[in-house]
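The figures that follow rest on heavy atoms only: side chains count, while hydrogens, waters and symmetry mates do not. Every number for a ligand or one of its atoms is a count from 1 in the order of the listing.
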Amino acid sequence: MSIAAERIERLHALAREAAREGDDDRAREYVRLARRLAERNRLTLPREFRRSTCDACDAYLVPGRNARVRTQDGHVVVTCDCGHQSRYPYE
Ligand SMILES: [Zn+2]
């Protein structure tokens, strides 16, 4: 794993921690840093990262707190508090 990929993993963990503690602003900062790193190093963000973050506002999503999760037609639909929805196939 490259150094950049490791740093992204680390930022992901920090974002998750901050979000669980209710510090959404700090979580968002970590999410943005991780995105920027991925972009600069032409890395694809891990699937788990992509699924736990909002594409529109960079929030780290915690279902039941700042996101709603539903299943619909074989898809998982995640709605962020900002209103943005993302969907992916149910596995
Ligand atoms: Zn959002």
Side-chain angles (χ1 to χ4, degrees):
M1 199 187 274
S2 72
I3 289 171
E6 276 173 25
R7 288 183 65 197
I8 287 168
E9 285 295 324
R10 180 86 189 117
L11 287 165
H12 183 186
L14 287 167
R16 188 167 40 210
E17 260 175 53
R20 280 185 187 156
E21 286 165 12
D23 194 342
D24 291 337
D25 290 340
R26 198 155 54 91
R28 195 173 269 123
E29 281 307 307
Y30 292 133
V31 168
R32 285 185 179 145
L33 279 170
R35 280 198 208 282
R36 217 171 297 153
L37 259 175
E39 209 169 289
R40 211 177 286 154
N41 294 275
R42 300 210 178 104
L43 291 169
T44 307
L45 287 160
R47 176 189 284 186
E48 206 209 321
F49 181 97
R50 281 180 277 138
R51 290 185 178 179
S52 352
T53 55
C54 175
D55 280 341
C57 73
D58 293 327
Y60 192 90
L61 304 172
V62 182
R65 208 172 61 74
N66 62 359
R68 278 183 303 128
V69 180
R70 284 177 303 134
T71 51
Q72 188 181 55
D73 305 326
H75 283 78
V76 179
V77 183
V78 183
T79 309
C80 174
D81 270 356
C82 79
H84 181 81
Q85 286 193 333
S86 60
R87 51 170 57 221
Y88 48 85
Y90 186 76
E91 294 168 306

Student: Mark yes when over 12 heavy atoms from residues, nucleotides or ligands other than Arg7 sit less than 6.0 Å from its CZ; otherwise mark no.
Tutor: no

Student: Is any side-chain heavy atom of Tyr60 less than 4.5 Å from a side-chain heavy atom of Arg20?
Tutor: no

Student: Are Asp73 and Arg87 within salt-bridge range, i.e. N to O under 4.0 Å?
Tutor: no

Student: Let's go through Leu43 and Ser2 carefully: what are the C-alpha distance in whole Å and the side-chain angles of both, what is the deciding distance for side chain to side chain contact (heavy atoms under 4.5 Å, CB included) to 0.1 Å, and is it a yes or a no?
Tutor: CA-CA 10 Å; Leu43 291 169; Ser2 72; 4.2 Å; yes

Student: Would a hydrophobic clustering, with Ile, Leu, Val, Met, Phe, Trp and Tyr connected at side-chain separations under 4.5 Å, put Tyr88 with Val69?
Tutor: yes

Student: Looking only at non-hydrogen atoms, find the nearest pair between Pro63 and Leu61 and report the distance.
Tutor: CD-O, 3.6 Å

Student: State the count of protein N/O/S atoms located less than 2.8 Å away from the Zn ion (ligand 1).
Tutor: 4

